[in-house]
There are 2 protein chains.
Amino acid sequence: MAFNDLISGALTTSGQVRNEPVQARSSERIATLLDAASAVVAEVGIERLTTAMVAERAGASIGTVYRYFPDRIAVLAAMSLRGFERFLRASVENLEATRPTTLDEAITCLIDAAVELHRTEPGFTSIRLSDQIALPEVDGGTASASRVAAPLATIFVEELGVDGEGLAERLDIALTMADALLVRAFVIDPKGDADAIEATRALVAGYLAPAASRT
Amino acid sequence: MAFNDLISGALTTSGQVRNEPVQARSSERIATLLDAASAVVAEVGIERLTTAMVAERAGASIGTVYRYFPDRIAVLAAMSLRGFERFLRASVENLEATRPTTLDEAITCLIDAAVELHRTEPGFTSIRLSDQIALPEVDGGTASASRVAAPLATIFVEELGVDGEGLAERLDIALTMADALLVRAFVIDPKGDADAIEATRALVAGYLAPAASRT
DNA sequence: GGTCACCGATCGGAACTCGATCATCGCTCA
DNA sequence: TGAGCGATGATCGAGTTCCGATCGGTGACC
């Protein structure tokens, strides 16, 4: 509801997609291609992903891949970006569902969303390990975590009544931290090491707590 | 001195280098090649690095590159590994020079070493952004931060008299965190955002402090 | 003289292009 | 209103280019 307005357009695929899709089936195609890419990454890793593999798995031709993505890297970048979008949406859903009263609960919503993503999207951990590959040419090179920090900060302030003083900055740091630690959790154990995940949650909450709790 | 014994052989280039160099000039060659690779990465990014670029910049031929490295990825992996070696050595040097009495001072030694590396080795930030690319085939996929955590833990315990209980694990987490946050600092500002660096230092010290200080 | 280091033409395969073909949509006019 | 028809979008895949990797030959070191 209100949350969704805040995040619409927060993340764009500008520069990633070659031709904006006009017909409906195109959007599906893109989704299918990204799903295929995700599966391929999970299977052979980022470096060994070839555009031919993506095309074949998606049931498309190579030409179709290049219709939507300028090059191989753009496919990976788009995949990464879609992951962040999903994280944002899932976070918002969790926040709406639980309506947290403490910052700690709010953090849990975000961590859960991220963990869920690592679990369900097979190639996501891999791509987080080596994200940013493409960013030098996508834009200034802003880390992906920073992209979600701003919209989330808005939500925290406007909807949860958290003190906004420097929150965006702190959230950015917190997300960078959480990102790295969660990746670590999923490197330790493909299903996500429970201790490492809990440690992450505690650490992030501990970091954000002192300044922010004003629910 | 004693420190150096602890870290010798902690990091090896096993599997990275094709033929162990016999003649002296070979070691220089490898260093030159890695320097070239570092510069290329800083310029065009990891994905766009080609073996030809590395060869040309190093004043060598393509064949020479492949004499020392089995493939393109191995060049990047070796570069990453050399960075971690340098970090370890620089950390040890800093520790020896300052002989810290508090954990906080010790952390500062490490952070300084890492910051220095980001500053002097142009491609290091990039490769930290997307490290691990090669690790799936190098070994079990252990995150690089974990590799330095163990030897550093030994030093902390044996030389600084810090409580060793679960220290390796905590150091691992701390380094993962520091790594990500420092990369962030250098993405924000190529020279390394001072605030972000200080925040990193504070965060890591804060995380390690409660359990460890027993100097 | 034998090994080590180096070179760069060459090969194979993957990234990417391009013109032809098929699908869809909006418009027109009976 | 809906059948026909162009225009534009979407798809394809053989062809081209470029890059990773090899290999046999030449020079440097001991």
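We name chains A, B, ... by the order of the sequence lines, and we start the count at 1 in each one. Note that these values count all heavy atoms, side chains included, but never hydrogens, waters or copies made by symmetry. Predicted model only: the values in this text are computed from it and were never measured.
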Task: Mutual orientation of the aromatic rings belonging to B/F186 and B/H118 [parallel < 30°, tilted 30-60°, perpendicular > 60°] - done: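 Geometry flag for B/H118 against B/F186: parallel rings.
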[X] has an atom [atom1]; how far is it from atom [atom2] of [N], in whole Å?
X: B/E56; N: C/dG8; atom1: CD; atom2: C1'; result: 14 Å
X: A/I30; N: D/dG9; atom1: CD1; atom2: P; result: 14 Å
X: B/Y68; N: C/dC4; atom1: OH; atom2: P; result: 12 Å
X: B/E47; N: D/dC19; atom1: CD; atom2: P; result: 14 Å
X: A/E28; N: C/dT24; atom1: CD; atom2: P; result: 11 Å
X: A/D71; N: C/dA14; atom1: CG; atom2: C1'; result: 13 Å

Would you say a side-chain N or O of [X] is under 4.0 Å from OP1 or OP2 of [N]?
X: B/R29; N: C/dC7; value: yes
X: B/T51; N: D/dG20; value: yes
X: B/Y66; N: D/dA21; value: yes
X: B/T64; N: C/dC7; value: yes

- [ ] Using a strict cut-off of less than 4.0 Å between a Lys/Arg side-chain nitrogen and an Asp/Glu carboxylate oxygen, indicate whether A/R184 and B/E169 qualify as a salt bridge.
- [x]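 So A/R184 pairs with B/E169 through a salt bridge.
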Task: Close side-chain approach of A/L181 to A/V204, heavy-atom, < 4.5 Å - done: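 Side-chain contact under 4.5 Å: no.
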Open item on the list: Any side-chain to backbone donor/acceptor pair from B/R57 onto B/A37? Under 3.5 Å, distance only.
Closed with: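 No; judged by distance alone, with no hydrogens or angles, the pair does not exist.
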